[in-house]
Engineer: 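So that we are looking at the same thing, I have put the structure below in structure tokens.
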Amino acid sequence: MVSATGVSFFNGMLVGSICCVFITMFGQINMRHRGRTQDHEHHHLRLPNTKDFLNISEAQRMELSKNIRIYCIILGESNDEHYWAVLKETWTKHCDKAELYNTKNDNLFNKENDKWTQMRKTYQHVFEKHGDNYSWFFLAHPTTFAVIENLKYLLFTKDASQPFYLGHIATSGDLKYVTMKGGTVLSMEALKRLNSFLNKTKKCAEQRAFWELSADMQLAVCLKYVGVLAENAEDSEGRAIFNTKPIAHLIRETMSNNRQPVVEGCCSDMAVTFSGLTPQKMTVMMYGVYRLRAFGHYFNDTLIFLPPNGSEND
Amino acid sequence: MSEIHFREMASKSWLNFLTFLCGSAIGFVLCSQLLSILLGEQKDIQPNILHNDPHGRHSDDNGQSPLEGQMNFDADVSQHKDENTDIAEYLYQKVKILCWVMTGPQNLEKKAKHVKATWAQRCNKVLFMSSEENKDFPAVGLKTREGRDQLYWKTIKAFQYVHEHYLEDADWFMKADDDTYVILDNLRWLLSKYNPEEPIYFGRRFKPYVKQGYMSGGAGYVLSKEALKRFVNAFKTDECTHSSSIEDLALGRCMEIINVEAGDSRDTTGKETFHPFVPEHHLIKGYLPKTFWYWNYNYYPPVEGPGCCSDLAVSFHYVDPTTMYELEYLVYHLRPYGYLYRYQPALPENMLKEISQVYKHEDPKVKREPSKEKHA
């Protein structure tokens with residue numbers, strides 16, 4: 001004879017399990033929905049159409065290429081000296097200027113600073129020192145590898161005196177923000193607006209919500225106050241150019257998400273970022289992007305970028 | 001009386017309610033654990049495998065789950081509309097390469113499939129060599145057994161098969177494993193300077209045991225037409241026999257006997273092109289310990305770091321399926337827009353003349369000098 005308590009216990013278990021299944025299913029559907037390409041009602045950047053540049057001279061190409069100047073900021077916490085050394089030795093050499101901010105030991109930060117405060121201080125510091133000298137500001141996580149030439153290609157037809165805020169987009173409720181991991185691009189104007197807003201009012205600097213917003217979300221909130229909205233960037237096939245994972249992960253993910261026997265390539269030829277890389281993988285990327293290639297394949301590119309001086313791994 | 005009864009009922013239903021809550025909490029937790037196991041994400045295990053034997057064969061699994069399906073990076077043509085492949089196509093016609101891939105029945109779906117989806121398509125002709133025939137894949141049946149000790153048998157029979165059926169269809173004959181990634185365009189550039197009627201073969205040259213050196217099996221090696229003829233003939237005349245089961249060493253000994261030259265496959269700056277490991281193992285200083293066999297085997301002074309590997313690398317070995325696609329993407333797709341590569345080698349003179357006649361367009365890359373490299 002099953003007791004009444006036993007029965008109610010089992011009922012409870014049943015209800016609990018059913019709830020769990022429903023919640024998980026709902027969560028999965030929601031995630032998959034978010035994973036699809038964003039609707040075209042939102043803003044997104046496409047790679048420029050270079051047909052307008054077909055007949056320009058080589059001198060003009062060099063001029064165009066030199067005019068776009070990118071300042072790279074690496075912001076992160078790292079006890080690993082090796083990591084910073086590798087970053088300096090690899091892709092950051094291709095920035096017009098790169099500065100590494102180690103939140104563990106940089107004078108700019110206090111021990112109690114949370115990630116948003118660190119980000120805010122960094123942006124303010126960068127604006128004060130370099131706000132006038134560079135047209136674009138690229139903030140990256142220490143595990144991110146960026147191909148700056150492709151970033152320049154994406155941006156060279158864009159006007160930096162307009163507010164741009166680009167990267168790998170995520171959504172939280174009705175807030176569209178750029179995820180830190182994929183790299184954050186701010187135009188000169190966007191950084192200017194951000195900085196003057198942060199100087200005038202502490203509003204987003206001290207926002208303490210019930211659930212704590214991550215630093216990248218906080219940035220989006222602040223920028224929204226000054227009329228700067230997050231934008232996605234895609235290639236002609238609608239593939240993301242800013243990636244938050246390493247190539248191998250994206251390959252495996254694309255193949256396991258699509259059950260067809262043959263799947264289209266996961267990633268764009270003009271990808272700008274991959275993230276979550278170890279220092280070893282950064283070294284491999286440097287070789288894979290800047291050196292390893294197939295003989296006999298040539299491109300008629302509008303821009304011209306020279307290899308940096310005093311470097312042997314690119 | 002009814003009041004006591006009522007209180008009893010109330011406390012009982014409280015108890016029931018509590019056990020109900022308890023049960024639902026436990027049920028929820030158990031269920032979420034179960035679901036997370038079922039739907040669990042694959043943790044990427046990157047094992048640090050050091051292959052302890054230069055002739056070592058591959059343990060079948062490194063712990064990753066098999067890669068289902070294939071990826072086609074060429075499905076999108078629009079990204080390459082600005083690409084000029086005239087020279088690559090010219091070389092495809094001029095330097096014909098037949099590739100044969102050493103595989104087995106249990107690896108067709110696990111490994112060979114991904115070779116077929118990526119680099120094998122760039123061979124002028126590709127054959128998958130297995131111990132037994134598979135009409136669907138398709139794979140050639142060599143009628144041997146499977147196993148480490150059968151590798152030289154498979155090699156001999158594979159070359160005999162190729163000689164019998166496809167001798168006139170190619171100039172060069174490349175052997176690779178199902179975990180070798182080969183960049184055919186770069187192999188054609190390397191071979192364009194040589195005449196297939198010469199007795200010569202190329203690969204990653206090792207120095208022990210054979211005076212002129214021999215080529216690593218896993219990194220792949222390529223025989224000229226004359227070398228193939230002599231090799232096959234040597235087994236008819238017993239100049240060479242199945243002297244050992246160590247495929248690359250035995251083949252290297254045979255090559256020396258029949259006067260086929262062990263060629264220098266390094267690029268014009270002296271960097272190696274055939275690689276017995278994946279790029280990471282060569283590029284990272286200290287990855288391969290100094291006591292590792294590799295340092296004593298390499299014919300030319302071995303280099304780690306950026307000088308390890310040519311920009312125009314030909315092969316990598318111990319490449320798992322995911323890395324096949326990653327290399328495909330890095331070599332043929334991801335590139336830095338507008339970048340002027342440091343190393344800009346040219347084709348041999350006679351080919352340059354022919355190309356400018358054939359294509360009759362002003363392509364500055366064709367005429368560029370080879371001396372742009374700054375490091376030796």
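Being a predicted model, the structure only gives us computed values, none of them experimental.
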Engineer: Check whether B/Thr323 gets within reach of chain A through its side chain, its backbone, both or neither, counting any heavy atom under 4.5 Å.
Structural biologist: neither
Engineer: Against chain A, label B/Leu91 side chain, backbone, both or neither, depending on which of its atoms sit under 4.5 Å from a heavy atom there.
Structural biologist: side chain
Engineer: Go through the atoms of B/Leu327 and report whether side chain, backbone, both or neither lie under 4.5 Å from a heavy atom of chain A.
Structural biologist: side chain
Engineer: Do B/Thr85 and A/Tyr298 have side-chain N/O donor and acceptor atoms under 3.5 Å apart?
Structural biologist: no
Engineer: Please lay out, stage by stage, how A/Gln280 and B/Tyr287 fare under the test side chain to side chain donor-acceptor pair (under 3.5 Å).
Structural biologist: CA-CA 10 Å; A/Gln280 288 88 345; B/Tyr287 196 109; over 6 Å; no
Engineer: Strictly under 6.0 Å, is that where the ring centroids of A/Phe305 and A/His94 end up?
Structural biologist: no
Engineer: Checking B/Phe316 against chain A: side chain, backbone, both or neither under 4.5 Å from a heavy atom?
Structural biologist: side chain
Engineer: Which atom names give the shortest non-hydrogen contact between B/Gly27 and A/Ser17, and what distance separates them?
Structural biologist: O-OG, 3.6 Å
Engineer: Would you say the ring centers of B/Tyr339 and B/Tyr337 fall short of 6.0 Å from each other?
Structural biologist: no
Engineer: Heavy atoms only, distances under 4.5 angstrom: which of B/Cys309, B/Ala117, B/Ala25 has the most pairs with chain A? Name it, please.
Structural biologist: B/Cys309
Engineer: Name the region of B/Leu184, side chain, backbone, both or neither, that has any atom closer than 4.5 Å to a heavy atom of chain A.
Structural biologist: neither
Engineer: With a 4.5 angstrom heavy-atom cut-off, could you sort out which part of A/Thr302 is near chain B: side chain, backbone, both or neither?
Structural biologist: both
Engineer: Cation-pi between B/Lys116 and B/Phe137: NZ/CZ under 6.0 Å from ring centre and within 45° of the ring axis?
Structural biologist: yes
Engineer: Name the region of B/Leu283, side chain, backbone, both or neither, that has any atom closer than 4.5 Å to a heavy atom of chain A.
Structural biologist: both
Engineer: Given that the side chain runs from C-beta out, which part of A/Met285 has a heavy atom under 4.5 Å from chain B: side chain, backbone, both or neither?
Structural biologist: side chain
